[in-house]
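Have a look at the structure below before the remarks.
What's counted below: heavy atoms across the whole structure, side chains too, no hydrogens, waters or symmetry copies. Worth saying up front: this structure is predicted, and the values here are computed from it rather than measured.
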Amino acid sequence: MKTAPNNNCAACDAEFREGAPFCTDCGKLSPAVLSEGDLAIEIDDVPAERFRSEAVSLLKAWFPQLDAIRAAERLKSGRATLIVGIDEASADRILQALEAIKVRGRVKSLKEKPAWLRWIWNPGLAVSAVSLALAALFGGWFALLMVILAVGAPAAVGLLKDRGVEPLVSGVRLGGQSEHWVRIAEEYSRVISQLSPQDSEALRTLVQTVFRLQRRLRSESLASVAAGFDRGDLYQRLSDALSSGVELSRRVLAEQEENKGPLREEIARLNELAGRTAEWFRGLDGPVIKSASILEAELSGISESIDRIVREVRPLPEVRLTNKGKVPL
């Protein structure tokens, strides 16, 4: 069962793994990998609830920063700006993925008009023109009111219009690691399709292991904090291992069969190293596993403490004197 609706690669239809920057089957970049530019993506409203829910789930899978409730409301009532400040390649990947779920989108240039002009260039200017014409015909307080209306109408419409311009996705880091993944994905896509089934499986296993561990490093766990999240040395070393695996696989393709053994051994060592690192990190990140003897001692101590508190708090039974001595009441 798919983890996100139609979260499939537009090139080979394989499902994108959660948090993976590119498809491990063919190397096509995920729509979530963004490079900086001067373009924005605008998407049409999605009136049907089922398709709207699917679109929001898909967007949330790409961009965890997305406010799903706000996005659903915006897509119900009209066009919305999805994201701003991206380049053409990033925009094309997003549009292709949206097309797969029948959501129409378009690219808009942020260089069309200055920001202030885009804000006031709206139907409110027509109201201003009419108001100024009426102010010229009539004097007194009426003219003053018309001038105030002429000034305020474009700003008021601009504020309403700005609700649709404010992007649904914000706070995404552009460039940086994105450029790194663009380069690796290009190399990976050239290599993976030419490798033998055995060699492609070895490289794919390495990539998937690295992606799973890097996704853990983007969490808020104590181990991720200690490792520096996706900016720390561990994340970078994992990226280095992935780059090395791709380069070694490229050399496997170029070498004669009798010379491929040492290269395959290096890839196997990288896989073993990545696997051990994942196990080690899982031990730091997961719950502490205790032996039965330790748990028994801890439970015994807790039971004794509770029993002692209960004995101290429980009132002593009242007694009365009889010819037979003290007896409980």
Side-chain angles (χ1 to χ4, degrees), residues 3-4 7 9 15-24 27-37 56-71 82-87 89-90 93-94 97 167-188 203-247 269-289:
T3 56
N7 189 16
C9 173
E15 185 176 356
F16 267 112
R17 295 178 179 272
E18 183 182 355
F22 58 80
C23 173
T24 56
K28 184 176 178 61
L29 282 164
S30 163
V33 177
L34 305 172
S35 297
E36 192 171 1
V56 171
S57 296
L58 183 58
L59 292 173
K60 185 71 174 176
W62 300 341
F63 309 113
Q65 304 90 339
L66 181 81
D67 184 335
I69 297 176
R70 173 171 166 266
L82 175 62
I83 194 166
V84 299
I86 60 176
D87 69 351
S90 303
R93 286 194 295 273
I94 293 176
L168 296 177
V169 178
S170 59
V172 178
R173 282 185 289 139
L174 303 175
Q177 285 288 340
S178 298
E179 309 309 320
H180 165 77
W181 290 125
V182 168
R183 178 182 58 79
I184 292 184
E186 288 176 351
E187 296 172 0
Y188 182 87
L203 178 58
R204 191 175 289 113
T205 298
L206 173 64
V207 172
Q208 291 171 356
T209 302
V210 168
F211 284 171
R212 281 196 299 269
L213 186 46
Q214 288 184 328
R215 178 161 55 87
R216 281 178 170 269
L217 284 169
R218 289 190 287 268
S219 73
E220 297 295 331
S221 68
L222 178 61
S224 299
V225 173
F229 297 109
D230 58 349
R231 295 182 175 134
D233 288 341
L234 177 57
Y235 191 96
Q236 185 57 52
R237 295 293 78 74
L238 290 167
S239 296
D240 292 343
L242 196 152
S243 297
S244 298
V246 173
E247 173 60 20
R269 286 180 60 193
L270 282 174
N271 262 311
E272 182 183 359
L273 178 61
R276 287 205 316 268
T277 304
E279 286 295 326
W280 164 75
F281 194 82
R282 191 178 299 116
L284 295 178
D285 201 22
V288 178
I289 306 301

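- Between atom CD1 of residue I184 and atom CG of residue L29 there is a gap of 10.5 Å, rounded to the nearest 0.5 Å.
- A salt bridge is absent between E272 and R269: the closest approach of a Lys/Arg side-chain nitrogen to an acidic carboxylate oxygen does not fall below 4.0 angstrom.
- Taking all atoms of both residues into account, the shortest heavy-atom contact from C9 to F16 is CA-CE1, 3.6 Å.
- Look at R183 and E179 and you find no salt bridge, because none of the NZ, NE, NH1 or NH2 atoms lies under 4.0 Å from a carboxylate O.
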Q: Go through the steps for I94 and L34 under the test side chain to side chain contact (heavy atoms under 4.5 Å, CB included), then give the verdict.
A: CA-CA 9 Å; I94 293 176; L34 305 172; 3.9 Å; yes
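- Taken to the nearest 0.5 Å, the CD1 atom of I86 stands 11.0 Å off from the CD atom of E36.
- Within the 4.5 Å cutoff, no side-chain heavy atoms of V246 are placed close to those of S243.
- The two atoms that bring V84 and P167 nearest to each other are CG2-CG, 4.3 Å, heavy atoms only.
- When atom types are taken as modelled, the side chain of R93 and the backbone of V33 share a donor-acceptor pair closer than 3.5 angstrom.
- Contact check for W62 versus I83: no side-chain heavy atoms found under the 4.5 Å cut-off.
- Remark: the backbone N or O of D240 is paired with a side-chain donor or acceptor of S244 at under 3.5 angstrom.
- Closest heavy-atom contact between L66 and L168: CD1-O, 3.6 Å.
- Side-chain contact between W280 and L213: absent, with no pair of heavy atoms (C-beta onward) separated by less than 4.5 Å.
- A distance of 11.5 Å separates NZ in K28 from CD in E186, rounded to the nearest 0.5 Å.
- Side-chain atoms of L217 and F281, non-hydrogen and from C-beta on, do get closer than 4.5 Å to each other.
- For R218, the CZ atom sits in a packed shell: over 12 heavy atoms of surrounding residues, nucleotides or ligands are nearer than 6.0 Å.
- For the pair L270 and L206, the tightest heavy-atom approach, listed with the atom from each and the gap, is O-CD1, 3.8 Å.
- The aromatic rings of F22 and Y188 are tilted relative to each other, their planes meeting at an angle between 30° and 60°.
- Under the 4.5 Å side-chain criterion, counting only non-hydrogen atoms from C-beta, T209 is not in contact with T277.
- Across all their heavy atoms, A223 and L284 have their closest contact at CB-CB, 3.9 Å.
- Looking only at distances, no side-chain donor or acceptor of S35 sits under 3.5 Å from a matching main-chain atom of S178.
- Looking at S239 and Q214, their side chains do bring a donor and an acceptor atom within 3.5 Å of each other.
- For the atom pair CG of L242 and CD of Q208, the computed distance is 11.0 Å after rounding to the nearest 0.5 Å.
- Contact between A20 and S30 at its shortest, heavy atoms only, is O-CB, 3.6 Å.
- Separating the CZ atom in R204 from the CG atom in N271 is a distance of 12.0 Å, to the nearest 0.5 Å.
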